[in-house]
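Data block below; observations after.
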Amino acid sequence: MKEDHEIIELYWARSESAVHETDAKYGAKLHTLSGRILPEAEDAEECVNDTYLGAWNAMPPQRPLALFAFLARICRNIACDKLDKLRAKKRSAEVSALTEELSACIADPTAAREAESREIAEALNSFLSMLPVDARLFFMRRYWYMDSVKAIAEKYGCGESRVKTSLHRTREKLRNYLQKADIWL
């Protein structure tokens, strides 16, 4: 299996094997990610294929430092857009619940996207780097990978109440952190 920098070079060389190598290395993870967002396996598969196209179109000029993070961001955005289209006005209960959980920190996800996204991303990265490892893992599994509280508890061998408490406290800390950083969404 090729290293990330070799795969990126294949994209830059416009070699069709870049997609094959990407699929071999990260296809399963991307399918899992899109499958957690989209209810139908066919939609998740289409999302992964669109991710490869998105990566093809983005490289060059972009040269990602972390290939999987780059692909996961593309995949997640495509999956969320597809879910929006599938659900039109009504998002699935899970996504709505996640948005509601974070609403105390980020009032309107649409406004967050339209706000100064680089500043927000830097603030979030800074905030996450200050968290204890378990709190950071719980937060990322819940709000990036959209895992259920039960799945997180099982994955890390702890009780659901510990995960819920950690997530609640982390959301409170995030809200306070964003307010102190003068980021109002």
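Position 1 is the first residue of the sequence, and the numbers go up from there.
For S126 (side chain) and E122 (main-chain N/O), no donor-acceptor pair under 3.5 Å exists by modelled atom type. Formation of a donor-acceptor pair under 3.5 Å by the R63 side chain with backbone atoms of I8 is not found in this model. Judged by distance alone, with hydrogens and angles left aside, the side-chain atoms of W12 form a donor-acceptor pair with the main-chain N or O of Q62 at under 3.5 Å. Checked by atom type and distance alone, the side chain of E21 never pairs as donor or acceptor with a backbone atom of A18 at under 3.5 Å.
Once rounded to the nearest 0.5 Å, the distance linking CD of E154 with OG of S148 reads 7.0 Å. Atom CG of L137 is separated from atom CD1 of I152 by 9.5 Å, given to the nearest 0.5 angstrom.
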Run L65 and F70 through side chain to side chain contact (heavy atoms under 4.5 Å, CB included) and show every step you take.
CA-CA 8 Å; L65 296 175; F70 179 77; over 6 Å; no
Please step through side chain to side chain contact (heavy atoms under 4.5 Å, CB included) for the pair L10 and K2, ending with a clear verdict.
CA-CA 10 Å; L10 290 173; K2 292 197 181 289; 3.8 Å; yes
Please assess T170 against F138 for the test side chain to side chain contact (heavy atoms under 4.5 Å, CB included), listing each intermediate value before the final yes or no.
CA-CA 9 Å; T170 303; F138 294 170; over 6 Å; no
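For the residue pair D4/Y26, the side-chain donor-acceptor check at 3.5 Å is satisfied. Counted by atom type alone, T22 and Y11 present one or more donor-acceptor pairs between their side chains at under 3.5 Å. Side-chain atoms of Y156 and D134 include no donor-acceptor pair closer than 3.5 Å.
Relative to the six-membered ring of F139, R136 misses at least one condition, a distance below 6.0 Å or an angle of at most 45° to the axis.
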What side-chain donor-acceptor pairs closer than 3.5 Å can you find for residues 40-50, not counting sequence neighbours?
| residue | atom | partner | partner atom | Å |
| --- | --- | --- | --- | --- |
| E45 | OE1 | H31 | NE2 | 2.6 |
| N49 | ND2 | E45 | O | 3.4 |

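Closest heavy-atom contact between R14 and P60: NH1-CD, 3.4 Å. In terms of heavy atoms, M146 sits closest to C80 at CE-SG, 4.2 Å. The two residues A123 and L178 come nearest to each other via the heavy atoms CB-CD2, 4.2 Å.
Counting non-hydrogen atoms of neighbouring residues, nucleotides and ligands closer than 6.0 angstrom, the CZ atom of R73 reaches no more than 12 such neighbours.
Between R175 and E172 there is a salt bridge, with a side-chain nitrogen of the basic residue lying less than 4.0 Å from a carboxylate oxygen of the acidic one. Salt-bridge formation is detected for the pair R36/D147: a Lys NZ or Arg NE/NH1/NH2 atom is positioned less than 4.0 Å from an Asp or Glu carboxylate oxygen.
Using cut-offs of 30° and 60° on the angle between ring planes, the pair F127 and Y177 is tilted.
Checked against side chain to side chain contact (heavy atoms under 4.5 Å, CB included), H20 has no partners two or more places apart in sequence or in another chain.
Contact check for K82 versus K85: no side-chain heavy atoms found under the 4.5 Å cut-off. Contact annotation: the side chain of T165 never approaches that of R162 to less than 4.5 Å [non-hydrogen atoms, C-beta and beyond].
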